[in-house]
A.B. asks: 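Right, I'll just put the structure down here and ask away after.
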Number of protein chains: 4
Amino acid sequence: MSRKKTIDEAQLFQETEKLIMESGYAEFHFKALAERLGVARSTIYNYYPNKEELITSYMVRLLERAVENMDEAFEAEYPVKQLISVWSRYANMHQMLQIMPYINQKATPKVEENIRVMYTLFGEMKSKIHHVLKKEQESGRIREDIHMATMTGLLMATVQVPVHHNSLGQWVDEVYELVMNGCKG
Amino acid sequence: MSRKKTIDEAQLFQETEKLIMESGYAEFHFKALAERLGVARSTIYNYYPNKEELITSYMVRLLERAVENMDEAFEAEYPVKQLISVWSRYANMHQMLQIMPYINQKATPKVEENIRVMYTLFGEMKSKIHHVLKKEQESGRIREDIHMATMTGLLMATVQVPVHHNSLGQWVDEVYELVMNGCKG
Amino acid sequence: MSRKKTIDEAQLFQETEKLIMESGYAEFHFKALAERLGVARSTIYNYYPNKEELITSYMVRLLERAVENMDEAFEAEYPVKQLISVWSRYANMHQMLQIMPYINQKATPKVEENIRVMYTLFGEMKSKIHHVLKKEQESGRIREDIHMATMTGLLMATVQVPVHHNSLGQWVDEVYELVMNGCKG
Amino acid sequence: MSRKKTIDEAQLFQETEKLIMESGYAEFHFKALAERLGVARSTIYNYYPNKEELITSYMVRLLERAVENMDEAFEAEYPVKQLISVWSRYANMHQMLQIMPYINQKATPKVEENIRVMYTLFGEMKSKIHHVLKKEQESGRIREDIHMATMTGLLMATVQVPVHHNSLGQWVDEVYELVMNGCKG
DNA sequence: CATGAATGAGGCTTCATTCAT
DNA sequence: GATGAATGAAGCCTCATTCAT
């Protein structure tokens, strides 16, 4: 009946991510996006009515997946290590979240909703980490004399530790080792 | 007619920082800045020829101070703790550095130079941390089986750990404790 | 996939009128029209090649009917009253004509023709009113010391008098009374 | 101190009026306006933040003047004639008011306020006409058997009667004669 | 015919920046 | 130096319209 699509949401999200990771949010326009996708700028408006909705929709999806993946930690042998591992796979998510203050959060109702959803997901995420740590405390594998919030914070901050080594696996090993046993010689 | 209001660099930097900390780089315009300073927009151009130069100059100065302060760590009793402490006082610097990708880095030669200087300063900073850690390793207070870069990274990442507790002092204590001895129970 | 909804000119005109009466010409898009008709926007192009042709065609038809109805006045007992009565039934036409300045009159040859036809019909209309008044003058029921154009104009302007009372009939009675005998006490 | 202005509000209003009278509201853009004024489009934004504010501000001023002028009628020898006369001088106002439905009335708070003010002024206007008619009724110069609203409406509608004759004075004479004494022969 | 997809033209706005005083 | 005025570049967005299926 109608022409076949030349782009789809997957491509849209993919280029959105690439664009932001490469050049930051300041360079994220529909103009640039359209150029990369090889379509007219207005075409994108047939998919998303403005850039805020596109980017927040993308971020929601990203967060959703991360939250799901986090469940792996519950069944893993070394839950904390698993957390770090999952978390590291979402390094880009961390960067994406960093741009949230730059988003015009009142653009449209849909945007506001997306933002709300993101906060909810973010809360879930923290809560899952919390649960994992709590369980570990109960089995005596994690100390109890430090505020949970600090430990959670440290764990989440590890995503910022640069990956200098051969493999992500090695990175995870080292970071896990440090987080668990500290730097002391 | 004209009130002949005068501004100086100190005010300029101060409002620049406030503006960015409050609303992020996206809200950092000469328009907004001029309003806060109570001068005409064009007046700012008598001091800085464009916004990139202003902001990068400000950041250079900030970094310089931080690098200087870092030297305290060399003489401290607990050098690593001191590092964390200094570092935490520059939380805003961390946020400022985060906006670097949003800056049009090719604006003018002066901007490019500022960026270069910043990278140099950043290198110095890492190097100082490196030295501190190295010295600690030599005196056996820090382990040697983990890549230095990972430890440095973790240390620098701690600035992201949120401060939930009463005092910054307590925060430093807890983070230091975790960094040194880990989470293990 | 496609529901194969069909539309006809009658629906098209009906929704056109409703749309314009409710929201004015500024809100008259094929986008809105298509939504109300429950068809794809592009479907309308199978009937009318652009919005100017659609709207001018609609207006031509409206005017044609009004002109026809005006003939009733010739046979009526009180021709002037009949005129006012017919005229009042075309209040919406009056509103439609008001949007003419907003139409891009050079859109297509067909549009230009429609506009021409409208002017012709409008002329006919005036001429019919003129004839009615003339005949009334001849039978001495209407004064002769006022320019015919002014009287015609006043008659046509009455359509703007708001209808505050119970019935349209009452409105016609009052306006007719005023037009014939004036406000004088 | 600063450059001298190349345009002022008066010119802005004047061209606004001309533009709308000539081409209708659809052709009223800052682009067209800027061309006529011989300035850059963005310059106009230094005066009015959007077209709705400009146009509604203009209309408010127009209405204000009309309302003021209406007071002449109270002191005039033939108040109703005076009303028609004043009213006719504001023929353009009538056209301007016609475009109100096309204005995006929620553009900004200022626009909303302007609209409110306009309604207030419009109410004042009707009320003044009402008073004049009432006073005339009391002195027996105007009939009492017709709804006031209808007479007010007719009076206000006269602005639509086209001016075919030499002078506006003549037009006023004829229309006044008709309004007072009617068409009857 | 009906449709959904793509597009271009055109209008809206915001700011950084330049300039005359 | 300080200022207010003007401007251009750049991004946003909406529709009418075309086109392949």
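A note on names: the letters A, B, ... follow the listed sequences, proteins ahead of strands, and every chain is numbered from 1. Note that the coordinates shown come from a computational prediction; the quantities given were computed from them, not determined experimentally.
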A.B. asks: Report the nucleotide, chosen from E:dA16, E:dC12, E:dT3, that has the shortest atom-to-atom distance to any side-chain atom of B:K51.
C.D. replies: E:dA16

A.B. asks: Do any side-chain nitrogens or oxygens of A:Y45 fall under 4.0 Å of OP1 or OP2 in F:dC15?
C.D. replies: no

A.B. asks: Could you please name the option among F:dT3, E:dA6, F:dG11 that lies closest to any side-chain atom of A:T6?
C.D. replies: E:dA6

A.B. asks: Contact class for C:Y47 (heavy atom, under 4.0 Å): base, sugar-phosphate, or nothing?
C.D. replies: sugar-phosphate

A.B. asks: Could you check whether the side chain of A:N46 and the base of E:dA6 have a donor-acceptor pair of N or O atoms closer than 3.5 Å, going by distance alone?
C.D. replies: yes

A.B. asks: Tell me if the aromatic rings of B:Y45 and B:F30 count as close, with their centers under 6.0 Å from one another.
C.D. replies: yes

A.B. asks: Kindly point out which of E:dC12, F:dC19, F:dT3 is positioned nearest to the side chain of D:F30?
C.D. replies: E:dC12

A.B. asks: Does F:dA20 have a Watson-Crick or wobble partner in any strand here, with both distances under 3.5 angstrom, and which is it?
C.D. replies: E:dT3

A.B. asks: Can you check the C:I55 CD1 to F:dC15 C1' distance for me, whole Å?
C.D. replies: 15 Å

A.B. asks: For A:I7, report the nucleic acid contact type (base, sugar-phosphate, nothing); a contact means any heavy atom under 4.0 Å.
C.D. replies: sugar-phosphate

A.B. asks: Is the distance from the ring center of B:Y25 to that of A:Y102 below 6.0 Å?
C.D. replies: no

A.B. asks: Can you tell me which nucleotide in F:dC15, E:dG11, E:dC15 comes closest to the side chain of C:H29?
C.D. replies: F:dC15

A.B. asks: Between E:dG8, F:dG4, F:dT17, which one does the side chain of A:S42 approach most closely?
C.D. replies: E:dG8

A.B. asks: Quick check on DNA chain F: between D:K4 and A:R41, whose nearest nucleotide comes earlier from the 5' end?
C.D. replies: D:K4

A.B. asks: Give the rounded distance in Å between these two atoms: CZ of D:R3 and C1' of F:dT7.
C.D. replies: 8 Å

A.B. asks: Would you kindly give the CD-to-P distance between A:Q11 and E:dA5, to the nearest whole Å?
C.D. replies: 14 Å

A.B. asks: If you assign A:K31 and C:P49 each to the DNA chain F nucleotide with the nearest heavy atom, which residue ends up on the more 5' nucleotide?
C.D. replies: A:K31

